[in-house]
Amino acid sequence: MRDASLVVVASRLPVNDAAASEGVFEWRRSPGGLGGALHPVLSNKPATWIGWGGTPGPSRELPDVDGVHMVPVELSEEDFRDHYEGFANSTLWPLYHDAVEPAVHHRRWWEAYQRVNQRYADAAARVAAHGAVVWVQDYHLQLVPAMLRAQRPDLRIGFFLHVPFPPPELFMQLPRRAELLRGMLGADLIGFQRVHAVHNFHQLTAKVLGATVNERGVEIDGRTACTGAFPVSIDTAEMEALARREDVVRQAAKLRADLGSPQRVILSVDRLDYTKGIEHRLKAYRELLADGRLKAPETVLVQVAVPSRERVEQYRQLRDRVEREVGRINGDFGRLGVAAVHYLSQVFDRTELAALYRAADVMAVTPLRDGMNLVAKEYVAARVDECGALLLSEFAGAAAELTQAYLVNPHDVEGLKDTLIAALEADSTEPNEAMAQMRAHLREHDIQAWARSYLTALGAACAGR
Ligand code: G6P
């Protein structure tokens with residue numbers, strides 16, 4: 001069994017064990033998701049992916065998908081509730097995103113977090129070959145690096161956090177803050193999206209653990225756990241190729257016709273999550289319609305909101321509020337057969353998304369806090385015509401790279417309204433320099449470059465240990 005030389009450990013497998021039709025499994029590539037990001041890096045490589053199949057209860061055997069060996073981890077209904085919905089998505093997720101919703105603490109959830117992390121670590125220890133690279137992903141699995149090192153000191157262990165790492169004032173609230181930091185420090189290289197997060201981590205390890213920070217990372221147990229910022233990206237070439245396809249161009253034209261041939265289309269694509277700033281954006285749009293600065297249906301908003309974490313109370317309430325607001329806007333500003341907001345609470349495939357991106361004059365990505373936001377990058381990659389405008393929150397990791405976007409503070413409703421108007425008024429039906437520059441950036445800094453730079457740094461971190 002111990003023969004895998006590259007092992008990815010992530011909360012979920014990139015396939016859904018319940019969704020296979022006639023035993024054919026497809027790689028799950030939800031918009032902006034971790035599985036989608038890693039697909040181009042891993043497909044047709046001799047890699048093994050350890051994760052949960054998406055259904056609580058006994059796991060089922062899965063075939064290799066796109067050449068990647070799938071190793072399912074089983075989660076019981078209780079594990080799902082207390083680890084995934086509880087500690088990961090009701091304690092860590094809100095706290096790591098500026099506590100825009102309050103973090104909830106239950107001691108039972110911590111026990112589940114430890115238990116489930118141990119299960120993933122054990123699975124990795126079982127399959128990894130001697131000296132293999134094991135790459136642990138995200139906030140669900142912060143204890144895995146140290147658990148794995150305890151069993152298999154021969155391994156080269158990487159950890160990458162896809163979400164923001166919060167400032168000390170917030171992280172210090174966690175009752176198990178020391179254990180969480182120690183868990184991550186089991187890795188040879190701890191990667192973050194932004195330099196800011198690296199600084200937060202350094203400060204916290206010094207403050208909570210009394211660790212010394214050197215130029216490579218954090219000194220712990222006589223070794224250095226290296227740290228660094230590696231902004232994740234997308235498969236730029238793949239999105240470009242998709243966006244150039246004739247059927248996609250035709251579909252984009254049809255979408256605009258179906259919307260009633262408006263002069264301007266604003267598009268947002270989000271997981272239905274309170275971090276995404278959907279309510280702030282709807283409020284800005286409603287006020288612009290009420291002020292008469294925008295008119296429907298000359299301008300329409302298409303809001304794709306992919307259902308997410310639906311049993312968690314904060315997500316349920318958000319969905320109710322968003323849907324009430326969409327109904328209110330359409331009630332006030334729509335006409336029979338003509339909506340001001342087209343709200344689609346569905347999963348779109350990549351071809352449909354590419355068509356939507358090409359149909360949109362302005363892409364509005366305005367999260368209150370976001371580790372990166374790959375949807376913003378996908379929109380830019382899809383604009384092979386160099387047209388269109390990106391309205392982007394300062395609080396998305398992507399803002400550090402896509403500096404030519406229309407940057408906004410989403411909490412500032414007036415600023416949001418003015419910047420949206422500016423983006424709509426710029427003639428984005430013409431190729432523009434901002435889009436050309438952002439596209440050039442993404443061609444160089446794509447997902448392959450990200451994986452290469454991370455894995456090279458991991459190799460260097462291990463060479464020095
Ligand atoms: C964020 C996280 C990912 C997660 C994704 C979807 O992007 O960083 O780890 O997979 O959200 O969330 P879900 O709860 O559906 O896995």
Side-chain angles (χ1 to χ4, degrees), residues 8-19 27-39 41-42 49-56 72-73 75 79-98 100-101 113 116-117 120 135-142 144 159-166 184 191-194 197 230-234 269-278 304-316 318-319 345-348 365 367-378 395-398 447 450:
V8 166
V9 189
S11 166
R12 285 179 188 275
L13 289 170
V15 293
N16 196 336
D17 62 7
W27 198 285
R28 224 168 53 104
R29 306 191 62 188
S30 52
L34 181 160
L38 290 178
H39 179 261
V41 175
L42 297 177
W49 187 308
I50 296 172
W52 174 56
T55 319
V73 171
L75 292 191
D79 296 331
F80 177 64
R81 191 190 61 212
D82 293 350
H83 169 267
Y84 169 81
E85 296 184 322
F87 199 81
N89 285 314
S90 300
T91 306
L92 294 180
W93 177 270
L95 199 77
Y96 283 15
H97 290 84
D98 285 358
V100 292
E101 286 281 339
Y113 191 74
V116 170
N117 272 249
Y120 282 79
W135 196 0
V136 183
Q137 312 287 323
D138 232 353
Y139 61 100
H140 318 80
L141 301 176
Q142 275 175 229
V144 170
F159 178 79
F160 186 78
L161 189 70
H162 291 256
V163 299
F165 191 74
M184 293 163 85
F192 299 91
Q193 303 277 23
R194 299 184 69 164
F230 305 86
V232 73
S233 195
I234 57 162
V269 178
D270 306 283
R271 258 187 327 99
L272 194 39
D273 194 301
Y274 50 80
T275 60
K276 303 291 182 185
I278 302 172
V304 175
V306 181
S308 185
R309 306 174 191 165
E310 291 177 273
R311 297 198 324 189
V312 177
E313 191 51 33
Q314 291 162 329
Y315 287 77
R316 260 192 240 250
L318 172 78
R319 183 166 184 164
S345 176
Q346 300 161 23
V347 180
F348 281 75
V365 183
L368 306 176
R369 178 61 71 192
D370 211 331
M372 175 52 60
N373 200 297
L374 296 178
V375 167
K377 291 189 171 180
E378 284 182 356
F395 302 116
I447 188 74
W450 171 76

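All values reported here derive from a predicted model rather than from experimental measurement. Just the heavy atoms: all of them, side chains too, but no hydrogens, waters or symmetry mates, feed the values below. As the structure lists them, so they are numbered: ligands from 1, and atoms in each ligand from 1.
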Asker: Out of L374, D138, N373, V312, who gets a non-hydrogen atom closest to atom 2 (C) of ligand 1?
Answerer: D138
Asker: Mind listing the closest non-hydrogen atom pair of I50 and L13 along with its distance?
Answerer: C-CD2, 4.0 Å
Asker: Any nitrogen or oxygen of R12 lying under 3.5 Å from a nitrogen or oxygen in ligand 1? Just yes or no.
Answerer: yes
Asker: Test ring pair (Phe, Tyr, Trp, His ring centres under 6.0 Å) on F165 and Y96; report intermediate values, then the result.
Answerer: CA-CA 6 Å; F165 191 74; Y96 283 15; 5.7 Å; yes
Asker: So between R271, H162, M372, R309, whose heavy atom ends up nearest atom 4 (C) of ligand 1?
Answerer: R309
Asker: With distance as the sole test, does Y120 use its side chain to make a donor-acceptor pair with the main-chain N or O of S11 at under 3.5 Å?
Answerer: yes
Asker: Going by the atom numbers of ligand 1, which of them fall below 4.0 Å from some non-hydrogen atom of L34?
Answerer: 9 (O)
Asker: Hey, are Y84 and R12 close enough side-chain-wise for a donor-acceptor pair under 3.5 Å?
Answerer: yes
Asker: For the CZ atom of F160 and the CG atom of L141, what is their distance to the nearest 0.5 Å?
Answerer: 14.5 Å
Asker: Using side-chain heavy atoms (C-beta onward) and a distance below 4.5 Å, is R309 in contact with Q314?
Answerer: no
Asker: N/O of W93 under 3.5 Å from N/O of ligand 1, yes or no?
Answerer: no
Asker: Check each atom of ligand 1 against the heavy atoms of V163 and keep those under 4.0 Å away; list them by number with element.
Answerer: 8 (O)
Asker: Please classify the Q137 to ligand 1 contact at 4.0 Å (heavy-atom distances, strictly less than): side chain, backbone, both or neither.
Answerer: neither
Asker: Heavy atom of H140 under 4.0 Å from ligand 1?
Answerer: yes
Asker: Any nitrogen or oxygen of Y84, side chain or backbone, less than 3.5 Å from one on ligand 1?
Answerer: yes
Asker: In chain order, what residues pass the side-chain contact (heavy atoms from CB on, under 4.5 Å) check against R369, with sequence neighbours excluded?
Answerer: H97, D98, P164, F395
